[in-house]
Number of protein chains: 2
Amino acid sequence: MADEVQQTPKRGRRPGGTDTRAALLAAAREVFSEQGYDGATVRTIAARAGVDAAMVNHWFGGKEALFGEAVLQLPFNPKEIIAHLLEGGIDDLGTRIVRAFLTTWDAQGGGVFAALIRSVAAHEQVADVLREFFLKNVFAQLAGKVADDRPDLRANLVASQMIGLGVVRYVAKFDPLAESDVEALVRAIGPNVQRYLTGPLD
Amino acid sequence: MADEVQQTPKRGRRPGGTDTRAALLAAAREVFSEQGYDGATVRTIAARAGVDAAMVNHWFGGKEALFGEAVLQLPFNPKEIIAHLLEGGIDDLGTRIVRAFLTTWDAQGGGVFAALIRSVAAHEQVADVLREFFLKNVFAQLAGKVADDRPDLRANLVASQMIGLGVVRYVAKFDPLAESDVEALVRAIGPNVQRYLTGPLD
DNA sequence: ATAATAGTTCAACATATGTTGAATTAGCCC
DNA sequence: GGGCTAATTCAACATATGTTGAACTATTAT
């Protein structure tokens, strides 16, 4: 009598070749982007992926490992980008750095950059990881190409302008900078970056 | 016989004119500086102040209100600083802005700047408050003094370089920039800020 | 087909945290 | 000095969160 329709069973393995791991990674990138490390809960991420929270531990071993795979696995390869930039010579390198920076992060809607900043700000450990990352992937490559005196400082100065640009455009969202089009900002900021690369520092 | 020394009683009102409210404010500034809004727990702040966690609710009504009084009440007056900077004319304003920025935040050991960034990053609301604050106290004053074309964008650009400098020096702590002395950075960064103020933007 | 394995959910645990109310004590006013 | 008020601590609550183990089901291997 009881017309209990056999719904999709709640427990046990799902039918079909579902890729829960990939779904979690995608959801994690989204939620970490929106909420930062602390704000993003395992439950929220799992819900977005349509699976149980326990899957995070099953597939990644925990929240922190998931973060490592989701956010630090950037949606592009910085090493390649920089190598490519350096091929173009150093004369208008500042301009090209700014353009590459903006087009790269704009493509993500700025969310990934904001997530990185949030995580760096919240966790000293994350800051350490990123510092290491910058040193090996960005600064090391730049150092050999810029002017001879104080190349490390020059790389830091470039980083300061780029990070500040990212914070103002993607996190704090100051107008009109947040709404300006890429080429206008390239013209405004590029020459300053160029001075950090090849100009006199005092 | 029992030589039980009468220790300071654990409960009840304390003897002497203790200013618990001020102690909490001081502790809150410290802990928020070190840990950011989420990282700083009410219990940690209260412990640092040497009182019970319930005092936060008693004196401030809750953690959020305490944060508002502790961190947003900056240890200096930005409006005055900027007004003073503008009195010196516009020719080397960029240099003087960088010097004022560094000496101001260096005095706090960089902790207050880091706390602001952490809070902005973690809470959208805090970001709104600060954006408003910047607009009224900083940008509005600058806008009338810089070059005529696109004064708002110029102010944003200056902010981007200053914020980036702060993040690299106080939050991410990239070397050698984090360890450089103030005047070296003034010489390196000042001219770039000056260009944002008075130079051509394209 | 049957057994083994991997994937999945559920419930529960342990911990951390902001908050609250009762109990307790010091200062103040008459 | 006696009562009233404010200050303070303690214990407990409610909630949120990362994690874990048991139970259950689809797939895979034999």
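Proteins come first, then strands; the chains are lettered A, B, ... in the order of their sequence lines, and each starts at number 1.
For residues 183-195 of chain A, every residue pair satisfying the salt bridge (charged side-chain N to carboxylate O under 4.0 Å, His left out) rule, not counting sequence neighbours, is listed here: A/R99-A/E183.
In this view, B/I90 and B/L93, B/T198 satisfy the side-chain contact (heavy atoms from CB on, under 4.5 Å) rule, not counting sequence neighbours. The side chain to side chain donor-acceptor pair (under 3.5 Å) check on A/T41 picks up A/T44, with sequence neighbours excluded. Remark: B/V42 pairs with B/A53, B/V56, B/K63 by the side-chain contact (heavy atoms from CB on, under 4.5 Å) rule, at least two apart or across chains. Listed by chain and number, the residues in a side chain to side chain donor-acceptor pair (under 3.5 Å) with B/D52 amount to none (sequence neighbours excluded). Judged as a ring-ring contact (aromatic ring centres under 6.0 Å, His included), and not counting sequence neighbours, the contacts of A/Y170 are A/F113. Under the salt bridge (Lys or Arg N to Asp or Glu O under 4.0 Å) criterion, A/D19 pairs with no residue at all, not counting sequence neighbours.
Nearest-nucleotide positions on DNA chain C place A/R21 closer to the 5' end than the other of A/R21 and B/N57.
When heavy atoms are screened at a 4.0 angstrom cut-off, A/V51 is found touching the sugar-phosphate backbone but no base atom.
Although no hydrogens or angles enter the test, the distance criterion places a donor-acceptor pair under 3.5 Å between the side chain of A/R169 and the main chain of A/S180.
Which of C/dT8, D/dT8, D/dT19 sits closest to the side chain of A/H58 comes down to C/dT8.
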Would you tabulate the nitrogen or oxygen pairs shorter than 3.5 Å linking the protein to nucleotides 27-29 of chain D?
from: D/dT27; atom 1: OP1; to: A/G16; atom 2: N; distance (Å): 2.6

Please list each protein N or O that sits under 3.5 Å from an N or O in nucleotides 11-17 of chain D, with the distance.
none

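Residue B/W59 has a polar side-chain atom (N or O) positioned under 4.0 Å from OP1 or OP2 of D/dT8.
A/L24 has its CG atom 13 Å from the P atom of D/dG18, to the nearest Å. In this structure, A/L66 places its CG atom 11 Å from P of D/dG18, rounding to the nearest Å.
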